[in-house]
Structure formats: structure tokens, C-alpha cells
Q: 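Take this structure, written in C-alpha cells, and hold onto it; I'll ask about it next.
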There are 2 protein chains.
Amino acid sequence: MAGLVSFDGLRLEDGMPIYLQIIRFLERGIAAGAVRDGDELPSRRVLSARLGVNPNTIQKAFRVLEEDGLVTSRAGAKSEISLAPERAEAIRRRLLEEEAAALARALKQMGLDRDQAAALVRQLWDRQEESP
Amino acid sequence: MAGLVSFDGLRLEDGMPIYLQIIRFLERGIAAGAVRDGDELPSRRVLSARLGVNPNTIQKAFRVLEEDGLVTSRAGAKSEISLAPERAEAIRRRLLEEEAAALARALKQMGLDRDQAAALVRQLWDRQEESP
DNA sequence: GCAACTGTATTATACCTATAATACAGATAG
DNA sequence: CTATCTGTATTATAGGTATAATACAGTTGC
């Protein structure tokens, strides 16, 4: 039943620290229900190679996740997702709130109203699929 | 006719460099039409005090803006916005695209569809007004 | 058991961001 | 004219981020 977290689709951008982007990506997977309690994580080294990022940077992300209780690690074995259902739901609510609120503030400052904002999101929804 | 850029409503968050947040804030004002060609900018020192940010950080933002052609500065006098109409429209299009696309990617990864995303934006639109 | 994986730790370097304290020259208002 | 604003430049320090090169110990699979 326990799957494996793939990190497929993670595209690193600049302007935000890499280790934070990794954490955010994982949390979004949790919010979607795609990442569940007991799921295995790829090893630091493997993920480092796959993302083209230094192992220490991966380790930093994982260390923060562990301090946060989302990941458990025993030295020598693979790390796992540790996630109570209430926690998952809390993360989902927080992320939805954060993302939408950030957009709302931005678009408000740009002079859009509620309907224009919703229409814009609708319009641009299908307009970016391609990946490198 | 030429107004004064106030920078009111700028709330600094963490996770992104301060000087980039300042630039982004100004660009959004441009996109909204609230910041126009010829508008005066507050002095580095004044803005520094008002935002509680080091003068050098303000200077960095202004230097980037000047290298980008959005601001002109003559040593001794106040700096001004330098903005052709086409440039303003280009900035508006770019920002709208960036903001909405970022939200779309986030919400897609969280499992929402287009209608749910638009509904969420609509729903949370009025739910954050308060300022410090 | 042993090889090959795993997590973990250490040290070093480089760059970026932000702060701090000055200093100097040009513009402006009184 | 002069005081006070303005932009600009310099030097120093501190912290965070990312990279690099190792090293060591625990686990897992054959």
C-alpha cells in the first residue's frame, strides 16, 4: 500500500531557496493525497542526482522535514513519510489558503476585481503544460 | 499630473529577497496604472526609514530598476519613473501571466481542476483586507 | 558475511543578501 | 549663500544558501 514519492514534475525556479522548493513540492503532494503516510522517499544521493542539486541541499530539506515531523529517518535505511490524516488536511488547508491569498493580493494590487481574477485563472489554466 | 509613488501597502515577507519584493511591488503598481511615467519616487533614506530596511537594500532595488530602465536618477535630485506606455502594458501582461501561472501549477499539483481553482480564488478574494 | 546501498557529519569555499557606518558631491529650498 | 536635502560610493561584518570533497556508521539484499 505504501508507495514511493517520485518528485517527478519538480521544476526548480530561482528567487526561492531550493530546499524550500523541495519542501513545498512535497507538501503539495501531501495536500493532493498523492503522498501518503508510510510512503518511501528516494535516497538523498539519488534525488540529488535526479534534480542536479548538491546532496547537502537535499539533506537540508530532509532535515527540516524531519524536524517538522513529516519525515522519519533511521540511519542506514530509506526515509519515510510520517503523516497523520489530520495533519494532511491541515497542510492542504494552509497551502490552499496561502497560494490563493498570495494571488489575491497580487491581482488586487494590479487593479483586478474578483471576477477578473477568477476569469484569468480559468483562462490561463490549460495554457502551460509543456516540460523541458 | 506627475504623482508620487507611495509604497503604501508594501508588506515584506520572507522567502524572497527584500529588494526583489520592492521591485515587484513597484511593477504591480505600474501594471495597475497607479504608477506612471514621470512619477517621483521617495528618497532612498525616507523609504528606508518607512520600510524599516537598510538604505543599501533600497539602493540595490533602485539600482536594478535603473539598470532596467524603469527609473532614472540624477545625483542630487529625486528619482523618477521612466515608463513608455508599451512597456507598462508589457509589464502588466508578464505579471498577470506569471502570477496566474504560478497559482495554476500549484493548485494543479494539489489536485484541483480549473473550476475548483477559479472558485477558490473567488471565495478567498474578500477574506483578507486587514493591514498592520 | 559482504558489497552496496542508506543516513549522517565535517570542513571548506563561494556567492548573495542585509546590515552598519561613513563619506562625498550634486540639487534644491529658504 | 547655505543648510539640507538628494544620489552615490566605499568598507566591513554577519548570516544564509549552495557547492564540493570526504568520511563514518547503520541497513539491506544477495
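Per chain, numbering begins at 1; letters A, B, ... match sequence-line order.
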Q: How far does CD of B:Gln116 sit from NZ of B:Lys108, to the nearest 0.5 angstrom?
A: 13.5 Å
Q: Which residue pairs satisfy the salt bridge (charged side-chain N to carboxylate O under 4.0 Å, His left out) criterion with at least one member in residues 13-22 of chain B, sequence neighbours excluded?
A: A:Arg105-B:Glu13
Q: Rounded to the nearest 0.5 Å, what separates atom CZ in A:Arg44 from atom CD in A:Gln59?
A: 5.0 Å
Q: With the side chain counted from C-beta on, respond yes when B:Leu120 and A:Val121 share a heavy-atom pair under 4.5 Å apart, and no when they do not.
A: no
Q: Donor-acceptor pair, distance only, cut-off 3.5 Å: does the side chain of B:Asp37 make one with the backbone of B:Ala84?
A: no
Q: Tell me every residue that passes side chain to side chain contact (heavy atoms under 4.5 Å, CB included) with A:Ser48, counting only those two or more places apart in sequence or in another chain.
A: A:Pro55, A:Ile58
Q: Are the side chains of A:Leu51 and A:Ile18 in contact, using a 4.5 Å heavy-atom criterion?
A: no
Q: B:Glu99 versus B:Arg24: any side-chain heavy-atom pair under 4.5 Å?
A: yes
Q: Do B:Phe7 and B:Pro42 touch side chain to side chain, with heavy atoms closer than 4.5 Å?
A: yes
Q: Flag the pair B:Val71 / B:Ile81 as yes when at least one side-chain heavy-atom distance between them is below 4.5 Å, and no otherwise.
A: yes
Q: Are side-chain heavy atoms of B:Leu41 and B:Leu26 found at a separation under 4.5 Å?
A: yes
Q: With salt bridge (charged side-chain N to carboxylate O under 4.0 Å, His left out) as the rule and sequence neighbours excluded, what pairs involving residues 78-93 of chain A come up?
A: A:Glu40-A:Lys78, A:Asp68-A:Arg87, A:Glu89-A:Arg93
Q: Taking A:Gln109 for the side chain and B:Phe25 for the main chain, is one N or O donor matched with an acceptor at less than 3.5 Å?
A: yes
Q: If you walk 5' to 3' along DNA chain C, what is the first nucleotide with an atom under 4.0 Å of a heavy atom in chain A, and what is the last?
A: C:dT6 to C:dT10
Q: Taking side chain to side chain contact (heavy atoms under 4.5 Å, CB included) as the definition, give me every residue that meets it alongside B:Arg122, ordered by chain and number, with sequence neighbours left out.
A: A:Arg114, A:Asp115, A:Ala118
Q: Do you know which two heavy atoms are closest between A:Leu107 and A:Ala117, and how far apart they sit?
A: CD1-CB, 3.7 Å
Q: When the distance from CE of A:Met16 to P of D:dT17 is rounded to whole Å, what number comes out?
A: 12 Å
Q: Is there any salt bridge (charged side-chain N to carboxylate O under 4.0 Å, His left out) pair reaching into residues 55-67 of chain A, and which pairs are they, with sequence neighbours excluded?
A: A:Arg63-A:Glu67
Q: Quick one, which residues of residues 46-63 of chain B touch DNA chain D with a heavy atom under 4.0 Å?
A: B:Val46, B:Asn56
Q: Which residue lies toward the 5' end of DNA chain D, A:Arg45 or A:Pro17, if each is placed at its nearest nucleotide?
A: A:Pro17
Q: Which ones in residues 67-80 of chain B lie close to DNA chain C, meaning a heavy atom under 4.0 Å from one of its atoms?
A: B:Arg74, B:Ala75, B:Gly76, B:Ala77
Q: Which residues pass the side chain to side chain contact (heavy atoms under 4.5 Å, CB included) test with A:Glu27, sequence neighbours left out?
A: A:Ile23, A:Leu70, A:Ile91, A:Arg94, A:Leu95
Q: Just N and O in the side chain of A:Tyr19: are any of them under 4.0 Å from OP1 or OP2 of D:dA18?
A: no
Q: Report the end-to-end axis angle of the helix from C:dG1-D:dC30 to C:dG30-D:dC1; each axis comes from five terminal pairs, and the value is rounded to 10°.
A: 30°
Q: Within the structure provided, determine whether B:Leu83 and B:Arg36 are in side-chain contact (heavy-atom separation under 4.5 Å).
A: no
Q: Give the residues of residues 22-30 of chain A touching DNA chain D, defined as any heavy atom closer than 4.0 Å, sorted by residue number.
A: none
Q: Please list, pair by pair, any protein nitrogen or oxygen found under 3.5 Å from a nitrogen or oxygen in nucleotides 1-4 of chain D.
A:
none

Q: Classify A:Glu66 by what it touches in the nucleic acid, base, sugar-phosphate, or nothing, heavy-atom distance under 4.0 Å.
A: sugar-phosphate
